[in-house]
Amino acid sequence: MALKIEQTAGRTIGRRQGKRAVTHGTGRRRRSGLRPNVLVGALLVGMLVLAGVLAPLLAPYPPDQIQPALRLRPPSLEHPFGTDAFGRDLYSRVLHGARIALRISLLSVLLAAAPGIWLGLLAGYHRGWSEQILSRLMEIWLAFPGLLLAIVLVARLGPSLDTTVIALGVVGLPSFYRLARNGTISARHALYVEAARALGIGQTRILLRHILPNLASPLIVLVTLRMGTMLLAAGGLSFIGLGAQPPLPEWGALLATGRDYLDTAWWLAFFPGLAFTLSVTGFNLLGDGLRDLLAPETREGTAR
Amino acid sequence: MAGYVLRRLAGAVLMLLAVSLIVFVLLDVIPGDAAHTLAGDLASAEQLAAARHELGLDQPLPVRYARFVEGVVLRGDLGASVVSGRPVATLLSERFGATLKLALAALGLALVAGLLIGALAAIRAGGYLDLAVMAGATLGESLPSFWVSLLLIQVFALRLGWLPVFGAGSPAHLVLPAVTLALPAIALLARLVRSCLLDVRSADFVRTARAKGLGPLLVWRDHIFRNAILPVITILGLYLGHVLGGAFIVETIFAWPGLGRLVVQAIFDRDVPVVVGAVLLIALIYQVLNLAVDLIHAVLDPRVGHEAL
C-alpha cells in the first residue's frame, strides 16, 4: 500500500517498456483505436461510478439497518454478499462504500492536483530562485517514503475519513507539481506562448489558457492512475485503524472488520477486497490505456 | 566519483535534517501528549506539569529540537520511548533486524519468481503463456496487500493449517508476509524483465554482436543481460526501500515485530520519540538506497557515469 505510491514510479517504467514490447512480441502495431485494456478499465471505473452515484437506489437495504436475527448469514439470494455480525446487509454496505471510495479518490486527487499543478505552472514559468526553493521543498516532501508522511499527518490530525483525504492530498502533491513544472519549462518558450505574451495577455491567462491545455494529456493520465493509488492508500490506512472508522462502510474499514471473522464468515473480508481490487485495476488499466492513446511521449514524465 | 558521493551524502544529511524538523513540528502539538501517557489518565494538573518538565516538554519547540539534534549527532541518542522507557535507538535496532529479514526474504522471492516468469513470458512472447502472465501482472499490481494477506491467512493458515496465522520466531512465520510483500514486486518485475528482454533482444547492438560472430552465450552475458538489468536494479532499489520502511500494513496484519509495526503502534500510543526516531531511520534507509541505486547505475552504465561524476 505504501508501496502503491512509491511503486507508481517503478510501474511507469515497467509499463513504458511493457507496452513497447507488446508491439514487438506480437508483431501487431495498433497505433490507433481502443485497446481492450482501456475498455475493461473504463468498464470497471464506470461500474464504480455507477455504484457510487446510485448506491441509495441500488442497495436493497439501508447500509446501517441492524437485524439481529440475521447475523452472519452467508451469501444468499436475499443477501448476495451475506450479512455481518449485526445482521447488516454487506451488499448494501459495499455499494455505499463505493460512494465513499469515489469521494476519497476524487477529493484526494483534487487536493493534490490543484495546488500541485498551479505551483508547477508558476515555478516552471518563472524559474529563478522561487522555483529552486519550491523544487527543493518538493524533494524533501518526497524524502518520506510512501505512506510515511500520510501516517504522520494522520497521527497529527487524528484518524478519520477527512484527515485521510487531506493527508493523501498532501502526499500526492509533488508528483503533480513535477509534471506541471517540467511541462511548463519546455512550453514557456514555445511560439504560441511567446505570441500570447507579445499580445499582452496576462500571466494567469497564459498559464491557464495556453500552457495548461497543452499539459492536459499527461495530467489526465496521472490523475487517473493516482485515483487508484489514493483509493488503495486510503483503504490501507483505514484497515490499520488510521483512516475511516468502523461504522462507516468504507471498504478498508469493512475489511478490517472482516479480518476478525476470517474462519467463521469468509464473505465479510472477501467482497470488500474484491471491490477494492476491481476498482484499482480499473483505474490502472484506464490510466495505462489513456497514456497510450493521449500521451505516449510522456511516459517517463509521469513517474513520481 | 568521490566528490559526487560526498555531494550526495551532504544532500542526504540536509534532507534528514529537514525530515526530522517536519516530523518534530508536526507531532509537537499532538493531542494528548506524552505527559498524559507518563502520568496516567487520572493525573492532577501538578502531576502533569511535573511529567512535562521531566520529559522536557515545557521547553519551547526550537530548544527541544536543538537538543534532539544535539543528542543524535553527539551521542547517537534518539531519546527514550515514553511507553516502555527504553532507548529509541535500541528499539529501532531490534525492529530493524526483523524488518530486514522480512525484506530480504521478499526481495529474494520477488527476484527469483519475477525473473523466471518474465523470461518465460519473453521467450513465449505473443503466446497464451505470455498473455496469462501479462494479465496476471496487471492484476497483481492492483491487489491490495491487506486483502491478499487475509486471503493467504484464510487458505494457508486457517483452512489448510500449514502455516501460522501471525507472529514471528520460526521460518514458517516468515512465509505468508514475505509472499504478500513479494506479489506486487513479482508482477512488476515479470513485466519489466519481459519487456526489457524483448527490447534489448532486437536492439541494433545485439544484431551487431551476433553479426560479428559472437556466441549466443556471450551475446546474452555481455549485451542483453547487461542492458536489461539496469531498470531491474532501479525497481529493486525502490522496492527494497518500500519494504524496509513502508511495510506498515503487512507487518501490522502479521504482527511482524518490524519497523512498520513499531511506527503504527507508536502512533496509537502517542509515543512521539519513537515515531520521530523511526521516521528518521526509514528516511535514512531510503536516502541510502537511492544513492546506492544511482551509484550502481553509474558503474554499470558508462553513459550515466560520465554525466553524473
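Below, chains carry the letters A, B, ... as their sequence lines are ordered, and counting in each starts from 1.
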Original post:
If you count heavy-atom pairs under 4.5 Å with chain B, which of A/V152, A/I151, A/L242, A/L255 comes out on top?
Top reply: A/I151
Subject >> chain A interface, residue from B/L16, B/V148, B/I253 that has the most non-hydrogen pairs under 4.5 Å >> reply: B/I253
Original post:
Hey, is the main chain of A/A234 close enough, under 3.5 Å, to the side chain of A/T164 for a donor-acceptor pair?
Top reply: no
**OP:** Take B/T180 and B/F254 through the test side chain to side chain contact (heavy atoms under 4.5 Å, CB included) and record every step on the way to the result.
**Re:** CA-CA 10 Å; B/T180 307; B/F254 290 102; 3.7 Å; yes
Original post:
How are the rings of A/F276 and B/F146 set relative to one another: parallel (under 30°), tilted (30 to 60°) or perpendicular (over 60°)?
Top reply: perpendicular
Original post:
Do A/F270 and B/W147 make the cut of ring centroids closer than 6.0 angstrom?
Top reply: yes
**OP:** Could you tell me which portion of A/L278 (side chain, backbone, both or neither) has an atom closer than 4.5 angstrom to a non-hydrogen atom of chain B?
**Re:** neither
Subject >> Which of B/V279, B/I285, B/V264 touches chain A most, by non-hydrogen pairs under 4.5 Å >> reply: B/V279
Subject >> For chain A, the option from B/L150, B/I153, B/V263, B/T252 that forms the most heavy-atom pairs under 4.5 Å >> reply: B/L150
Original post:
Taking C-beta and beyond as the side chain, do B/V274 and B/D269 meet within less than 4.5 Å on heavy atoms?
Top reply: no
Subject >> Under 4.5 Å from any heavy atom of chain A - which part of B/I22 >> reply: side chain
